[in-house]
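The structure appears right after this line, and notes come after that.
When reading the values below, keep in mind they use all heavy atoms of this one structure, side chains included, and skip hydrogens, waters and symmetry mates. The first residue of the sequence shown is numbered 1, and numbering continues consecutively from there. Atoms within a ligand are numbered from 1 in the order they appear, just like the ligands themselves.
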Amino acid sequence: MIYKTDYHMHSSYSDGRSVPEDYISPALAAGLSEIGFSEHLTLFKDPEDWNMNPVNISPYISHLESLRKNIQNIKIKIGLEVDFFAGKEKEIYDFLQPFPLDYIIGSVHYLGEKTVDLGPEFYEGKNIDRLFGAYFDSVIAAIASGLFDIIGHCDLIRIYGYKPACDLEPLYRKLAKTMKTHDVAFEVNTNGRNRPIADFYPDRRFLYIFKEENVPVCVNSDAHMPSRVGQYFDEAYELLRYTGYTEMAVFDKRVRSMVPF
Ligand SMILES: [Zn+2]
Ligand SMILES: [Zn+2]
């Protein structure tokens with residue numbers, strides 16, 4: 001059996017539909033060996049209904065620790081999906097430092113004051129080449145910050161299908177090289193299939209670059225409801241195998257190791 005993990009899931013502690021307990025049996029049914037919760041944490045912005053109130057981090061961790069004690073047949077990891085803001089690295093580090101997390105996913109949702117994934121209006125009338133450039137710059141800064149173990153949906157800017165005219169290969173190459181240099185994993189995020197782009201992140205045409213640069217990988221569902229845990233994983237693993245990947249990154253107390261699949 002393939003050793004499968006799903007480290008990107010949202011429960012009702014942020015914008016997921018169910019309590020963590022409800023994700024266990026779908027995960028077992030999907031043949032997963034480990035799952036991890038990664039609630040949205042967005043510092044420096046007004047609270048939104050999709051992110052977790054920071055005062056709930058400790059109760060969230062205690063909740064998962066007790067769940068972990070009671071559940072023996074699957075490993076439960078504790079993570080966060082943290083928004084990256086350039087220039088706020090030290091504040092983010094200081095804030096996260098006290099929490100006993102297994103991994104931290106760093107994600108870029110905001111470009112300026114707005115998020116890139118809350119509606120296509122964001123893109124209207126804008127220079128798409130420039131938006132892609134700005135998005136990749138921010139992701140590259142997130143990788144280089146040393147704050148994160150995994151980068152979430154590294155090309156989320158594709159979400160509404162806007163296509164830049166520029167050659168994207170150099171952007172993906174720089175992204176992958178920076179990940180390798182800073183020992184950060186990327187995820188194949190299968191939830192893109194449920195969004196307007198209707199495909200995984202990152203763009204499958206550029207997966208070979210991550211392999212050539214030897215960047216560690218995870219497969220994650222970004223599930224916001226139990227029925228999506230492990231969704232499309234057979235296809236994602238097949239795609240990775242086709243690309244030449246033979247092992248996955250797993251995390252424990254923020255230490256990465258590799259497991260063959
Ligand atoms: Zn996200
Ligand atoms: Zn997410």
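- I105 has its side chain within reach of S38: a pair of non-hydrogen atoms, C-beta onward, lies under 4.5 Å apart.
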Under 3.5 Å, which donor-acceptor pairs link side chains of residues 116-124 to any protein atom two or more places apart or in another chain?
from: Y123; atom 1: OH; to: V116; atom 2: O; distance (Å): 2.8

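- Note: F37 and Y23 meet the aromatic proximity criterion, with ring centroids under 6.0 Å apart.
- Looking at every heavy atom in both residues, Y13 comes nearest to P59 through OH-O, 3.7 Å.
- The tally of protein N/O/S atoms under 2.8 Å from the Zn ion (ligand 2) stands at 4.
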Worked verdict on N191 versus N194 for side chain to side chain donor-acceptor pair (under 3.5 Å): CA-CA 5 Å; N191 190 39; N194 302 312; 3.0 Å; yes

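- For the atom pair CZ of R228 and CZ of R193, the computed distance is 12.0 Å after rounding to the nearest 0.5 Å.
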